[in-house]
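Written below as structure tokens is the structure these notes are about.
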Amino acid sequence: MTRAHKPVFAQLYTKTIADLIDKHGADSAVGRQYLYDPAEEERRGFEMVDPIGDDAHSPCKGIVHRHKNRVLLKLTASCAVNCRFCFRKELLSRPDETLKQDEIEQALDYIQSKPQISEVILTGGDPLVLSPRRLKPVMQRLFDNKNLRNIRIHTRTPVADPARIHGAMIDALFLSAPQMMPLYIVLHINHVDEITDEFAALCLTLRQKGAILMSQSVLLKGINDNVPALQALFEAFVGLGIKPYYLHHPDLVPGTDHFRITFEHGQALMKALHGRLSGFALPSYVLDIPGGFSKVPVNADYIQRKGDIYLITDPAGGVHEYPARIAGVAVKAA
Ligand SMILES: *Cc1c(COP(=O)(O)O)cnc(C)c1O
Ligand code: SF4
């Protein structure tokens, strides 16, 4: 364990979040996501400043192009809040990483120049902290790009500052003419206590506008690493018209050891949730392999090969046999 040399990651949250912290307390699931904890000063040797390897796949400023068909477009390094476990903590501490107008043009030109790119994912930082005036021309250029099949936005602003998403911002996101190209909005929420009436109303507005809502949550020790918390969260998503998409295993961010859990614990939670939730209410439990080697599912392992058969474990723990020889094809043992 070593001491941090960097300045501490600034504490930053909105009025909405401040009210929630007042209501639930500093030591609540909401409070602990946003309030500085001295445990952040504890560093582990395996932690990394770029835990998901963004820098390894950046052909130009603001773009991360790891998969052939889709790119991340990081317009800004800012967020409405600073989550203590943030996987882009280092980026958020560098305001110069927010793209200038000519850099935005270059990033959009890069996207346009690659016909194989069919999806653009706006992330950051949080794209929705930008002004509608800056966002609208970007959305216009993306909607006009005939190579794209869809646009996706990853954001925490609807949770942290729902009042921000109205009027001109809604116009910027959906433009004026009806668009054929679907807009997927992936909402970052980790606990039901973050869901306010304003957020729920905003979900309805976004759905009425035609957005497809999905969720991403981070599995965090002491915040949501138990069955009741996750079950309540995913059921709440379904009730708001949000398809649970990803549950992220925490990344190896410096100073986040106190949030970390084991894979076994995460897998056991997924297994327990499996029987309790509708199939589509269960997100995929994923890990971003450190170094930028992509996301992989770390869902519970239900199938094991044993000689000429497979052994399948059901959600209640029962084990069942399944033939390893299908339509005359013998599956070779590994
Ligand atoms: C997470 C990520 C994506 C999006 O992955 P999906 O599995 O499609 O959600 C795309 N590019 C990079 C570099 C990513 O880290
Ligand atoms: S919303 Fe995402 S990018 Fe922003 S501080 Fe939280 S984890 Fe980091």
Pairwise side-chain contact, Ser215 with Pro244, heavy-atom cut-off 4.5 Å (strictly under): yes

Straight-line distance of Met214 CE to Ile242 CD1, nearest 0.5 Å: 11.0 Å

Straight-line distance of Gln116 CD to His67 NE2, nearest 0.5 Å: 14.0 Å

Pairwise side-chain contact, Thr155 with Val129, heavy-atom cut-off 4.5 Å (strictly under): no

Side-chain donor-acceptor distances from residues 217-233 under 3.5 Å, at least two apart:
residue: Ser217; atom: OG; partner: Ile189; partner atom: O; Å: 2.6
residue: Asn224; atom: OD1; partner: Leu220; partner atom: N; Å: 2.7
residue: Asn224; atom: ND2; partner: Asn190; partner atom: O; Å: 3.1
residue: Asn224; atom: ND2; partner: Val218; partner atom: O; Å: 2.8
residue: Asp225; atom: OD1; partner: Gly222; partner atom: N; Å: 3.1
residue: Asp225; atom: OD2; partner: His265; partner atom: NE2; Å: 3.4
residue: Asn226; atom: OD1; partner: Ala229; partner atom: N; Å: 2.9
residue: Gln231; atom: NE2; partner: Glu235; partner atom: OE2; Å: 3.1

Listed partners of Phe259 passing ring pair (Phe, Tyr, Trp, His ring centres under 6.0 Å), at least two apart: Phe85

Tyr246: partners by ring pair (Phe, Tyr, Trp, His ring centres under 6.0 Å), with sequence neighbours left out: His248

Tyr302 six-ring face occupied by Lys271 cation (under 6.0 Å, within 45°): yes

Flag if over 12 foreign heavy atoms under 6.0 Å of CD, Glu105: yes

Lys136 side chain vs Asp171 backbone, donor-acceptor pair below 3.5 Å: no

Evaluation steps, salt bridge (Lys or Arg N to Asp or Glu O under 4.0 Å), between Arg141 and Asp109: CA-CA 10 Å; Arg141 260 197 81 177; Asp109 289 345; 3.0 Å; yes

Evaluation steps, side chain to side chain contact (heavy atoms under 4.5 Å, CB included), between Val30 and Lys23: CA-CA 10 Å; Val30 181; Lys23 183 173 163 193; over 6 Å; no

Heavy-atom check, side chain of Gln216 versus side chain of His188, under 4.5 Å: yes

Contacts of type ring pair (Phe, Tyr, Trp, His ring centres under 6.0 Å), residue Tyr245, not counting sequence neighbours: none

Would you list the atom pairs, donor with acceptor, under 3.5 Å between side chains in residues 276-287 and any protein atom, with sequence neighbours excluded?
residue: Arg276; atom: NE; partner: Ala272; partner atom: O; Å: 3.0
residue: Tyr285; atom: OH; partner: His249; partner atom: ND1; Å: 2.7

Nearest heavy atoms of Val253 and Phe87, plus distance in Å: CG2-CA, 3.5 Å

Main-chain N/O of Met169 paired with His166 side-chain donor or acceptor, under 3.5 Å: no

Straight-line distance of Ser28 OG to Leu35 CG, nearest 0.5 Å: 8.0 Å

Nearest-0.5 Å distance, CD1 of residue Ile52 to CZ of residue Arg88: 4.5 Å

Where Ala56 and Asp50 come nearest, the two heavy atoms and their spacing: N-OD2, 4.5 Å

Pairwise distance SG(Cys83) to CZ(Arg32) - rounded to 0.5 angstrom: 15.0 Å

Set of residues satisfying salt bridge (Lys or Arg N to Asp or Glu O under 4.0 Å) with respect to Glu47, sequence neighbours excluded: Arg260

Cluster check Phe237, Ile165: I/L/V/M/F/W/Y, side chain < 4.5 angstrom: yes

Beyond-backbone contact of Val49 with Glu90, side-chain heavy atoms, under 4.5 angstrom: yes

Side chain to side chain contact (heavy atoms under 4.5 Å, CB included) between Tyr36 and Glu41, intermediate numbers included: CA-CA 10 Å; Tyr36 170 77; Glu41 303 306 326; 2.6 Å; yes

Thr256 versus Asp251, closest heavy-atom pair with distance: OG1-O, 3.9 Å

Heavy-atom donor-acceptor pair, Arg305 side chain to Gly307 backbone, under 3.5 Å: yes

By salt bridge (Lys or Arg N to Asp or Glu O under 4.0 Å) - contacts of Glu321 (at least two apart): none

Under the side-chain hydrogen bond (donor to acceptor under 3.5 Å, both in side chains) test, residues paired with Arg84 that sit two or more places apart: Glu40

Heavy-atom closest contact (Asp126 atom, His154 atom, distance): OD1-O, 4.2 Å

Any residue meeting salt bridge (Lys or Arg N to Asp or Glu O under 4.0 Å) with Arg66, in chain and number order, not counting sequence neighbours: none

Non-neighbouring partners of Lys306 that pass salt bridge (Lys or Arg N to Asp or Glu O under 4.0 Å), sequence neighbours left out: none

Cluster link Val120 to Phe143, ILVMFWY, side chain under 4.5 Å: yes

Candidate pair Val138 and Leu130, rule side chain to side chain contact (heavy atoms under 4.5 Å, CB included), full reasoning: CA-CA 11 Å; Val138 176; Leu130 290 176; over 6 Å; no

Verify same cluster id: Leu75, Val81 (apolar side-chain graph, 4.5 Å): no

Linked, directly or transitively: Leu72 and Leu92 (ILVMFWY side chains, under 4.5 Å): no

Sub-4.5 Å side-chain heavy-atom contact between Leu20 and Asp193: no

Closest non-hydrogen atom pair between Leu173 and Leu183, with its separation: O-CD2, 3.8 Å

Spacing of Asn145 atom CG and Met181 atom CE [to the nearest 0.5 Å]: 6.5 Å

Test item: Val64 and Thr123 side chains (from C-beta on) under 4.5 Å apart, heavy atoms: no

Under 3.5 Å, sequence neighbours excluded: what are the donor-acceptor pairs made by side chains of residues 196-213?
residue: Thr196; atom: OG1; partner: Phe199; partner atom: N; Å: 3.1
residue: Thr205; atom: OG1; partner: Ala201; partner atom: O; Å: 3.1
residue: Arg207; atom: NE; partner: Leu240; partner atom: O; Å: 3.3

Side-chain donor or acceptor of Arg156 paired with backbone N/O of Ala80 under 3.5 Å: no

Cluster overlap Ile63 with Ile117, hydrophobic side-chain contacts below 4.5 Å: yes

Residue pair Gly255 / His258: nearest heavy atoms and the distance that separates them: O-CE1, 3.2 Å

Arg134/Thr76 under side chain to side chain contact (heavy atoms under 4.5 Å, CB included): CA gap, chis, key distance, verdict: CA-CA 11 Å; Arg134 295 201 72 196; Thr76 174; over 6 Å; no

Residues, nucleotides or ligands: over 12 heavy atoms within 6.0 Å of Asn69 CG: yes

Sequence neighbours excluded and cut-off under 3.5 Å, please list the side-chain donor-acceptor pairs for residues 12-19, or say none.
residue: Thr14; atom: OG1; partner: Ile17; partner atom: N; Å: 3.3
residue: Thr14; atom: OG1; partner: Ala160; partner atom: O; Å: 2.4
residue: Lys15; atom: NZ; partner: Asp19; partner atom: OD1; Å: 3.1
residue: Lys15; atom: NZ; partner: Asp19; partner atom: OD2; Å: 2.8

